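The figures here come from the full heavy-atom set of this structure, side chains too, leaving out hydrogens, waters and symmetry mates. Bear in mind the structure is a predicted one, so any value in this text is a computation, not a measurement. Both ligands and their constituent atoms are indexed starting at 1 by order of listing. Residue numbers run from 1 in the order of the sequence given.
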Amino acid sequence: MRIHVGSDHGAVPLRRDLVEAARGWGHEVVTELGPADASGSVDYPDIAAQLCAHVLADPGALGLLCCGTGQGMAMAANCIPGIRAAVLSDVFSATMARAHNDANVLCLGGRVVGLGLGRALLQAFLDARFEGGRHARRVEQLTAMQRG
Ligand code: RB5
């Protein structure tokens with residue numbers, strides 16, 4: 001799987017750990033956006049917009065966005081047509097967000113989840129597959145709503 005990863009200053013250790021984990025599992029981390037450490041304050045909408053452009057330009061790829069809570073990144077990402085970003089903190093929902101909602105961006109909170117749970121959430125998200133069928137119609141409805 002190709003993955004594009006970004007964070008703001010609120011989740012640098014989580015971003016770095018998940019990049020390392022994803023590479024260790026054999027995935028290709030194509031993009032890593034965000035500050036080198038927590039002192040490099042950036043605005044999460046800017047990172048989300050840049051990251052989502054990478055995801056949309058790379059069919060089949062997935063995105064990972066981390067901030068303090070994951071919420072700001074998800075709110076920004078879901079403004080962009082074609083992006084379905086899910087803030088996750090349990091493994092069942094990480095699987096279902098892909099299987100039923102065709103989520104293409106995982107949002108995690110670096111001040112919410114620890115590194116172990118973060119790895120489990122990313123692994124579940126990357127391993128799951130969209131089931132299509134009746135879910136495809138609903139996902140198309142979401143995209144139509146984003147386009148207005
Ligand atoms: C930054 O302090 C923090 O507001 C941001 O990382 C995120 O939690 C916003 O949703």
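- Remark: ligand 1 atoms within the under-4.0 Å shell around heavy atoms of G68 are 5 (C), 6 (O), 7 (C), 8 (O).
- Considering backbone and side-chain atoms together, M73 places no N or O closer than 3.5 Å to any N or O of ligand 1.
- At the top of the distance list for atom 10 (O) of ligand 1, counting protein heavy atoms only, stands G72 N, 2.9 Å.
- Put simply, CG on L121 and CG on L64 are 10.0 Å apart, with the number rounded to the nearest 0.5 Å.
- Inclusion of T69 in the set of residues having an N or O under 3.5 Å from an N or O of ligand 1 is warranted.
- Contact between V113 and S89 at its shortest, heavy atoms only, is CG1-CB, 4.2 Å.
- Closest to atom 9 (C) of ligand 1, if we only count protein heavy atoms, is Y44 CE2, 3.5 Å.
- Inclusion of D8 in the set of residues having an N or O under 3.5 Å from an N or O of ligand 1 is warranted.
- When all heavy atoms are compared, the tightest approach of T95 to A128 is O-CB, 3.6 Å.
- Within the structure, the closest approach of H9 to ligand 1 falls below 4.0 Å when heavy atoms are considered.
- The CZ atom of R98 sits 6.5 Å away from the CZ atom of R129 when rounded to the nearest 0.5 Å.
- Proximity of a side-chain donor or acceptor of N104 to a complementary backbone N or O of L62 within less than 3.5 Å is not detected.
- The closest protein non-hydrogen atom to atom 3 (C) of ligand 1 is R111 NH1, 3.8 Å.
- The CE atom of M73 sits 12.0 Å away from atom CG of L106, with the distance rounded to the nearest 0.5 Å.
- The main-chain N or O of G6 is never found under 3.5 Å from a side-chain atom of E32 such that the two would form a donor-acceptor pair.
- In terms of polar-atom proximity, C67 is not counted as a contact of ligand 1, lacking any N or O under 3.5 Å from an N or O of the ligand.
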